[in-house]
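Note that ligands are numbered from 1 as they come in the structure, with each ligand's atoms numbered from 1 the same way. Just so it is clear, the values below take in all heavy atoms, side chains as well, and ignore hydrogens, waters and symmetry mates.
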Amino acid sequence: MQLILNTMNKFEALGLGDSILKAVEDMGFTEPSEVQEKAIPILLDEDTDIVALAQTGTGKTAAFGFPLIEKIDANSRITQGLILSPTRELCLQITNELKNYSKYTKGLHTVAIYGGASIHDQAREIKRGAQIIVATPGRMQDMINRKMVDISNIGYCILDEADEMLNMGFYEDINAILSHTPEEKSTWLFSATMPREVATIAKRFMSDPVEITVGHKNTSSKNISHEYYMVGSRDRYPALKRLADANPDIFSVIFCRTKRDTQKVAENLINDGYNAAAIHGDLSQNQRDLVMTSFRKRQIQMLVATDVAARGIDVDDITHVVNYQLPDEIETYTHRSGRTGRAGKNGVSMVIVTKSEARKIKALERILKTTFEKKDVPSGEEICQVQLFHLANDIKEAEINHEIDTYLPAINEVLEDFTKEELIKKFFSVEFTRFHNYYKKAKDLNNVSEGRGDYAESSGSSVRYFINIGEKDGYDWMRLKDFLKETLDLGRDAVSRVDVKENFAFFNTDADQKDKVLEVFENFTQDGRSINIEVSKTSGRGGGGRRKGRSGRRDGGGGFKGKRRSEGFKPRGSRDGGNNEGGNSGNGRRDRKKRSDRW
Ligand code: AMP
């Protein structure tokens, strides 16, 4: 009773009314989060614009949701509040949260509008009266154009995850939407980071906003520790598997840069016996929903995701975020790592890097004002050890299932000649042998000298490649250059010295793009044909050179059968997987970032 009283006092002290206090009690919130403590009194007290820097998981939905609900006139059916959010997932989450917060606020209706669902159903819901609309910018714009919504009387406009919306290229939509709203409304902007674009929006659309910051600007959460693993460019996947094996209870999001890599890594993990699935823009909404449901239920331990698809993933208890590849933009790293270490829990953000990317770690340390611990990829022996102790602990914690009682006499008979010590040794040997056999020939992945013998390096800062397509495949130098530019998603002049022969061709890129080039073309097929790339032995223009046979993955295959397999989801389109979703969203909107915001 005393506890409830204290709790109520803390939320009551913020100035909230009875209906919300009752809902807070139902939700079991014990005390306001930092952003709530800072924002709610201000927003309740005055009609002001506000810029709040807060990451997801900090309770920001309630920070704007509580005051919004307090300020809305539930007796009027007019739309008074508009919340814009970057993704359908987030839009639905916010709507759900608001419905929970307002369950004792009679007559208040919150309606979600987003793409991928019937626009007419949504229009009907709004017509019934929606004082609050939560919308994605694209669908909102569409509905304004079709006169299905009227936001000319809103008093409050909330831009949630403003940095994400701008990243996704929604600037023009936001601009257009805001032009349909009254001048004198209050605008509340929430963003995890404050890139230049967000500052511009704040300047352009807000007047004298109050600024609040939870934690420090561009500083990572204290609950998240950052670590990196340096490996050879071909060893990312084996390293990923080892990191998973060394953390048997891992519940993680693995971030890749492209849809194709995301799909490929997930498929490899599934084939290797892990509970994994992919989520990216080539999946239908239905497929994405299925994946997310399985992930929430923990049927999936490793969710491999693109940055775009991972937006709005609101799953607590994620133990690890793995950066299979680093993103193009530094801010994206903050978003990725913010998926773990939520709600006061600790989390780990792991980065797999190659030697040439080491400078990016330095840049991250500088900007996030945090330290990245350099760690070694666990050896086979360490993994065997971890797995054995994990098994011992599992056995210790296991509840006895009495269904086996009927079989015990027969089992005891089989094992009656062994002592307890012998039985333990035998039992654990079963497990150990499996791991040991798999890892006994595994190499040390921490040996990352760049001249690994697989490829001869070209001289200077440029690398020359061999590719097994040529004139007979319909390419001249211009077509091949276009194909490479599109597939590799590098800068305008990144591909040079394209030289097409009858059966094969050569081209150059900057040396620091080498890892990316090789990765993109690893297991690359087009129209069922395998396209291979090798670093050419010669560096002179038009140089010849034959392909070297590639050795297979030394660390591939296998995996631990202890982990259940899960469903894999195939992309709808087959060949478009190479787009970097960070650069060009599924809506075909161009990334507005300038090069200077990149590494
Ligand atoms: P958000 O940052 O708004 O996405 O919130 C993250 C999660 O924290 C949501 O599941 C909220 O329901 C929950 N939450 C919000 N405020 C509190 C609070 N004061 N105490 C505990 N949980 C909260």
Side-chain angles (χ1 to χ4, degrees), residues 3-4 6-17 20-41 43-44 50-70 81 83-104 110 112 132 134 136 158-165 188-193 212-215 220-224 251 253 292 295-297 310-318 321 334-347:
L3 179 76
I4 291 176
N6 285 342
T7 302
M8 294 328 305
N9 284 342
K10 279 187 181 165
F11 279 99
E12 209 174 345
L14 300 178
L16 296 168
I20 290 187
L21 291 176
K22 220 164 147 209
V24 165
E25 192 185 335
D26 284 1
M27 283 181 296
F29 294 178
T30 52
E31 55 185 297
S33 68
E34 190 186 344
V35 67
Q36 291 163 7
E37 227 157 23
K38 285 185 172 168
I40 293 171
L43 296 177
L44 285 177
I50 194 167
V51 172
L53 287 180
Q55 311 217 356
T56 49
T58 53
K60 65 184 167 58
T61 313
F64 63 74
F66 289 171
L68 182 65
I69 292 165
E70 292 285 1
I83 301 164
L84 291 177
S85 88
T87 63
R88 166 193 150 119
E89 281 76 16
L90 196 60
C91 179
L92 287 167
Q93 274 164 33
I94 295 170
T95 308
N96 269 342
E97 290 270 316
L98 292 187
K99 283 185 174 168
N100 283 333
Y101 305 158
S102 63
K103 70 182 195 191
Y104 299 111
T110 303
I132 303 176
V134 189
T136 51
I158 292 120
L159 304 172
D160 192 27
E161 305 221 346
D163 49 354
E164 289 284 23
M165 285 199 281
W188 304 345
L189 183 151
F190 284 74
S191 190
T193 55
I212 61 168
T213 305
V214 178
S220 70
S221 155
K222 281 195 214 79
N223 298 337
I224 305 167
F251 179 53
V253 184
M292 284 313 299
F295 188 54
R296 280 201 185 89
K297 288 186 186 160
R311 280 174 189 150
I313 290 181
D314 180 30
V315 177
D316 290 337
D317 301 332
I318 289 171
V321 161
T334 309
H335 284 287
R336 287 181 176 188
S337 55
R339 303 285 159 214
T340 185
R342 293 164 66 105
K345 305 220 173 69
N346 291 328

Q. Counting each atom of ligand 1 from 1 as listed, which ones have a heavy atom of T61 under 4.0 Å away?
A. 1 (P), 3 (O), 4 (O)
Q | Within-4.5 Å side-chain heavy-atom neighbours: I158 and L189 | A | no
Q: Considering the heavy atoms of E31, write down every atom of ligand 1 situated less than 4.0 Å from one of them.
A: 18 (C), 19 (N), 20 (N)
Q.
Is the shortest side-chain heavy-atom distance between Y101 and T61 below 4.5 Å?
A. yes
Q | Check: T110 and V134 side chains under 4.5 Å, non-hydrogen atoms | A | yes
Q) For ligand 1, does E97 get within less than 4.0 Å through its side chain, its backbone, both, or neither, judged by non-hydrogen atoms? A) side chain
Q) Does F11 reach ligand 1, in the sense of a heavy atom lying below 4.0 Å from it? A) yes
Q: List in chain and number order the residues that pass salt bridge (Lys or Arg N to Asp or Glu O under 4.0 Å) with D26, two or more places apart in sequence or in another chain; answer none if no residue qualifies.
A: K103
Q | Whether F11 and F66 hold their rings parallel, tilted or perpendicular, with breakpoints at 30° and 60° | A | perpendicular
Q. Is T30 in polar range of ligand 1, meaning some N or O pair under 3.5 Å apart?
A. no
**Q.** For D163, all residues meeting salt bridge (Lys or Arg N to Asp or Glu O under 4.0 Å), sequence neighbours excluded
**A.** none
Q. Y101 to ligand 1: N or O pair under 3.5 Å?
A. no
Q. Atom 1 (P) of ligand 1: which of S33, G59, A54 has the nearest heavy atom?
A. G59
**Q.** Atoms in ligand 1 flagged as close to Q36, the criterion being non-hydrogen separation under 4.0 Å
**A.** 15 (C), 16 (N), 17 (C), 19 (N)
